[in-house]
Amino acid sequence: MRLSSPPPDHWTLLWIVLLFNAMGCIQSIRCKPKSFRDSIIVLEVNSSIDPNPTSIDESSSVVLRYRTPHFRACARVLVPPVASKETWTIGWIQACNHMEFYNTYGNKGMSSWELPDLRDSKIQAISDSDGVNYPWYGNTTETCTVVGPTKKDSKFTVSMNDNFYPSVTWGVPVSDSNVPQLSSIRRDQSFTTWLVAMNQATSETLVLQTIRWRMRLHIRVDPEKPLGHRAVLNEPLAQEQPQILGKNEPIPNNAMVKPNANDAQVLMWRPKNGDPVVVIPPKY
């Protein structure tokens, strides 16, 4: 026996109900705004250390200067339209995780630049900000700010670079004499660099990318040789390349606030015999 079909108007009513339900679902998906956290996209990130070796400058009779190759980081970022009145800054934040910086003067002793809290493991990292635009590494090519509301995608590039260019005295730093006694320079520093988006009003911070890098050097010096022929780069001729991490790391609190590494560092003189002496105290 055949079952009778519902009258045509019943089918029409059922179709209308289903259609409106479907449209409601589609509309709710389309109208639900994406959060900034979900919508920002890192299109590309690159990081490297220049292949050239550390260069040495002996043009001064007072100090030896050296210049390391540059660490570089660059990212292309896309921010879809920001619906609300929010201001976001996207850029680079850097912190120093480890520092060894020893200048040896034969059998007299050594001078060392030190970060006391980092050295004593009181903190995990210290800010490497420019000292003005905390917590950012800088505020020129290093950051970009998006002020909402915006109607179009914002696409931009943020980049940074870093290297060392210090001066080291030929003579013992606590002596009035400038007789050359410098015999060795060793340096080993590690950094973490984060690509970050930060809400200016709430300080909400989104870590978009994490990079780790290291700079090492060992310079041998013969103070008996004439100026211009004393120093030789022992190692390395090429630095290890940075690591772009697959999993982001959180930013330690000390990497976000004062003091920065330049203001916190102390120059110590550590003689072979006797007590250490503070040559240059911290700036903060």
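Note that the structure is predicted; figures quoted are calculated from it, not measured.
Under 3.5 Å, the side chains of N97 and T192 contain a donor-acceptor pair of N or O atoms. Under 3.5 Å, the side chains of T89 and T145 contain a donor-acceptor pair of N or O atoms. Using modelled atom types, one finds no donor on one side chain facing an acceptor on the other under 3.5 Å when comparing W92 with T193. Donor-acceptor pairing under 3.5 Å is recorded for the side chains of E86 and W88. Checking N199 against E204 by side-chain atom types alone, no donor-acceptor pair falls below 3.5 Å.
For the atom pair NE2 (H98) and CD (Q124), the distance works out to 15.0 Å, reported to the nearest 0.5 Å. Summarising the geometry, atom CZ belonging to R230 is positioned 12.5 Å from atom OG belonging to S183; distances are rounded to the nearest 0.5 Å. We find the CD-NE2 distance between E235 and H218 to be 7.0 Å, quoted to the nearest 0.5 Å. We find the CD-CZ distance between Q189 and F71 to be 13.5 Å, quoted to the nearest 0.5 Å. Residue I90 holds its CD1 atom at 7.5 Å from CH2 of W136, rounded to the nearest 0.5 Å. D263 contributes atom CG, which lies 8.5 Å from atom NZ of K258 (distance to the nearest 0.5 angstrom).
Comment: E58 does not engage K225 in a salt bridge, judged by the lack of any side-chain N to carboxylate O separation of less than 4.0 angstrom.
Between the side chain of N260 and the backbone N or O of S129 there is at least one donor-acceptor pair closer than 3.5 Å. The closest donor-acceptor contact from the side chain of T210 to the backbone of L245 lies at 3.5 Å or more, if one exists at all. Not a single donor-acceptor pair under 3.5 Å links the side chain of N46 to the backbone N or O of C74. Here the side chain of D57 pairs a donor or acceptor atom with the backbone of S59 at under 3.5 angstrom. Panel note: side chain N133, backbone T140; no donor-acceptor pair is recorded below 3.5 Å.
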### Message
Using side chain to side chain contact (heavy atoms under 4.5 Å, CB included), reason through V77 and L195 one step at a time and then give a plain yes or no.
### Response
CA-CA 10 Å; V77 181; L195 178 64; 4.2 Å; yes

### Task
Evaluate the side chain to side chain contact (heavy atoms under 4.5 Å, CB included) criterion for residues S184 and Y102: first the C-alpha distance (whole Å), next the side-chain angles of each, then the deciding distance (0.1 Å), finally the verdict.
CA-CA 8 Å; S184 173; Y102 306 125; over 6 Å; no

### Task
Output, in order, the C-alpha distance, side-chain angles, deciding distance and verdict of side chain to side chain contact (heavy atoms under 4.5 Å, CB included) for L182 and T169.
CA-CA 7 Å; L182 179 66; T169 58; over 6 Å; no

### Task
For Q241 and S48, run side chain to side chain contact (heavy atoms under 4.5 Å, CB included): C-alpha distance rounded to whole Å, both residues' side-chain angles, the deciding distance at 0.1 Å, then the answer.
CA-CA 6 Å; Q241 288 302 306; S48 63; 3.5 Å; yes

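Taking every heavy atom of both residues into account, T150 and P80 meet most closely at OG1-O, 4.4 Å. Closest approach of P276 and R270 over heavy atoms only: CG-NH1, 3.5 Å. Here the shortest heavy-atom pairing between D130 and G138 reads OD2-CA, 3.6 Å. The shortest non-hydrogen separation linking I211 to P242 is CG2-CB, 3.9 Å. In plain terms, the two heavy atoms of V266 and P116 that are nearest each other are CG2-CG, 3.9 Å. In terms of heavy atoms, A231 sits closest to L64 at CB-CD1, 3.5 Å.
By the neighbour-count criterion of 12 heavy atoms within 6.0 Å, atom CD of Q243 is sparsely surrounded, having that number or fewer from other residues, nucleotides or ligands. Other residues, nucleotides and ligands place no more than 12 heavy atoms under 6.0 Å from the CG atom of N253. Applying the 6.0 Å contact sphere to CG of D275 captures no more than 12 heavy atoms from other residues, nucleotides or ligands.
Linking Ile, Leu, Val, Met, Phe, Trp and Tyr whenever their side-chain heavy atoms come within less than 4.5 Å puts I49 and M160 in one cluster. Under the 4.5 Å side-chain heavy-atom criterion for Ile, Leu, Val, Met, Phe, Trp and Tyr, W170 and L217 are members of the same hydrophobic cluster. There is a path of hydrophobic side-chain contacts, each under 4.5 Å, that joins V277 to I280. Hydrophobic clustering of Ile, Leu, Val, Met, Phe, Trp and Tyr side chains at less than 4.5 Å, counting indirect connections, keeps V82 apart from L78. Hydrophobic clustering (side-chain heavy atoms under 4.5 Å, transitive across Ile, Leu, Val, Met, Phe, Trp, Tyr) groups I185 together with L267.
Considering only heavy atoms from C-beta on, I123 stays 4.5 Å or farther from P252 through its side chain. Annotation: side chain of K155 is in contact with side chain of R76 (closest heavy-atom distance under 4.5 Å). Q239 places none of its side-chain heavy atoms less than 4.5 Å from the side chain of R214. Looking only at side-chain heavy atoms (C-beta outward), Y105 and S111 come within less than 4.5 Å of each other. You'll find the side chain of N103 stays beyond 4.5 Å of the side chain of S112, heavy atoms only. Looking at I219 and V168, their side chains never come closer than 4.5 Å, going by heavy atoms from C-beta outward. The shortest side-chain heavy-atom distance between P135 and M198 falls under the 4.5 Å cut-off. Inter-residue side-chain proximity for W113 and Q265 is flagged as met; some heavy-atom pair is nearer than 4.5 Å.
Ring geometry for W213 versus F191: interplanar angle under 30°, hence parallel rather than tilted (30 to 60°).
Of the residues listed (S167, S55, P166), the one engaging R65 in a side-chain contact (heavy atoms from CB on, under 4.5 Å) is S167, and it is the only one. Residue W194 is tested with L208, I93, T205, N248 for a side-chain contact (heavy atoms from CB on, under 4.5 Å); the sole match is I93.
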